[in-house]
Amino acid sequence: MSKVAIVMGSNSDMPVMQDAIDILNGFDIEIEVDIVSAHRTPEKLFDFSMNAHKRGISVIIAGAGGAAHLPGMVASMSPLPVIGVPVKSSNSIDGWDSVLSILQMPGGVPVATVALNGAKNAGILAAQIIGATDKCVLDKIITYKEGLKLKVEEAAKSLKS
């Protein structure tokens, strides 16, 4: 079974990252959640990044605010796909510093970057990556997306009535 690791720079990121936890739980994908600070716990960052694939992790979601080095540093040391979630933190410049820190990675060190505070989409993208090789997860994603379509159709119908 595939597993997704969700890491964040500090506990203050948890309200945003909870959306990724919730969506992955809804797809019945096993997760592990931890706080790994690129600046305050670099040894833990190195250990986590270099060994996640050895622990059965398939995808890493990393959320960070401010300088937002966590996703890129994880990606520089891990062979796994990394999805970065820029978090608008209290010391942020409207979140743009986080977005650009995660988005502007050098060639050879990709980080898939979702919208500011977009942890829900990070969870969905992680599930889609796993679903590429796991039919059970793929079927759940298809059902989820059909549900999105039905919600829009219902909203359009109620708008006309």
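As the structure is a prediction and not an experimental result, all values here were calculated from the model.
For residues 112-136, there are no ring-ring contact (aromatic ring centres under 6.0 Å, His included) pairs, not counting sequence neighbours. Legend: side-chain hydrogen bond (donor to acceptor under 3.5 Å, both in side chains) pairs involving residues 61-70, not counting sequence neighbours, sorted by first then second residue: His39-His69.
Note on Ile6 and Ile57: separate hydrophobic clusters, where clusters join Ile, Leu, Val, Met, Phe, Trp and Tyr whose side-chain heavy atoms are under 4.5 Å apart, directly or indirectly. Both Ile130 and Ile21 are members of a single hydrophobic cluster when ILVMFWY side chains are connected at heavy-atom separations under 4.5 Å. Hydrophobic cluster membership differs between Met77 and Ile83, with clusters built from Ile, Leu, Val, Met, Phe, Trp and Tyr side chains linked at under 4.5 angstrom. A continuous path of hydrophobic side-chain contacts links Met105 to Ile102 [ILVMFWY only; heavy atoms under 4.5 Å]. The hydrophobic cluster containing Ile61 does not contain Val111, counting ILVMFWY residues as joined when their side-chain heavy atoms lie under 4.5 angstrom apart, directly or transitively.
Residues Asp94 and Leu116 come closest through the heavy atom pair O-CD2, 3.8 Å. In plain terms, the two heavy atoms of Ala119 and Ala20 that are nearest each other are O-CB, 3.3 Å. Considering every non-hydrogen atom in both Ala115 and Pro86, the closest pair reads O-CD, 3.7 Å. In plain terms, the two heavy atoms of Pro71 and Ala62 that are nearest each other are CG-O, 3.3 Å. Heavy-atom minimum distance, Ala126 versus Val59: CB-CG1, 3.8 Å. For the pair Ala112 and Leu125, the tightest heavy-atom approach, listed with the atom from each and the gap, is CB-CD2, 4.0 Å.
If you take CG on Leu148 and CD1 on Ile124, they are separated by 7.0 Å, rounding to the nearest 0.5 Å. If you take CD1 on Ile141 and CD on Glu146, they are separated by 14.5 Å, rounding to the nearest 0.5 Å. Distance check, rounded to the nearest 0.5 Å: CD1 of Ile31 to CG of Asn25 gives 4.5 Å. Separating the CG atom in Asn117 from the NZ atom in Lys88 is a distance of 8.0 Å, to the nearest 0.5 Å. Interatomic distance, CD1 of Ile29 versus NZ of Lys3, reported as 13.0 Å (0.5 Å rounding). Rounded to the nearest 0.5 angstrom, Ser76 OG and Phe46 CZ are separated by 7.0 Å.
Proximity of a side-chain donor or acceptor of Ser98 to a complementary backbone N or O of Val87 within less than 3.5 Å is detected. The backbone N or O of Ile35 sits nowhere less than 3.5 Å from a side-chain atom of Asn11 that would complete a donor-acceptor pair. Between the side chain of Asp47 and the main chain of Lys44, no donor-acceptor pair closer than 3.5 Å is present. No donor-acceptor distance shorter than 3.5 angstrom exists from the side chain of Ser78 to the backbone of Ala75, with no hydrogens or angles considered.
Counting heavy atoms from C-beta on, the side chains of Pro42 and Met73 never come closer than 4.5 Å.
No salt bridge links Lys151 with Glu154; every basic N to acidic carboxylate O contact stays at or beyond 4.0 Å.
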Quiz prompt | Full working for side chain to side chain contact (heavy atoms under 4.5 Å, CB included) between Met8 and Val33 | solution = CA-CA 8 Å; Met8 62 204 83; Val33 180; 3.7 Å; yes
Practice problem: List the steps and the verdict of side chain to side chain contact (heavy atoms under 4.5 Å, CB included) for Phe48 and Val7. | Solution: CA-CA 10 Å; Phe48 168 81; Val7 292; 3.6 Å; yes
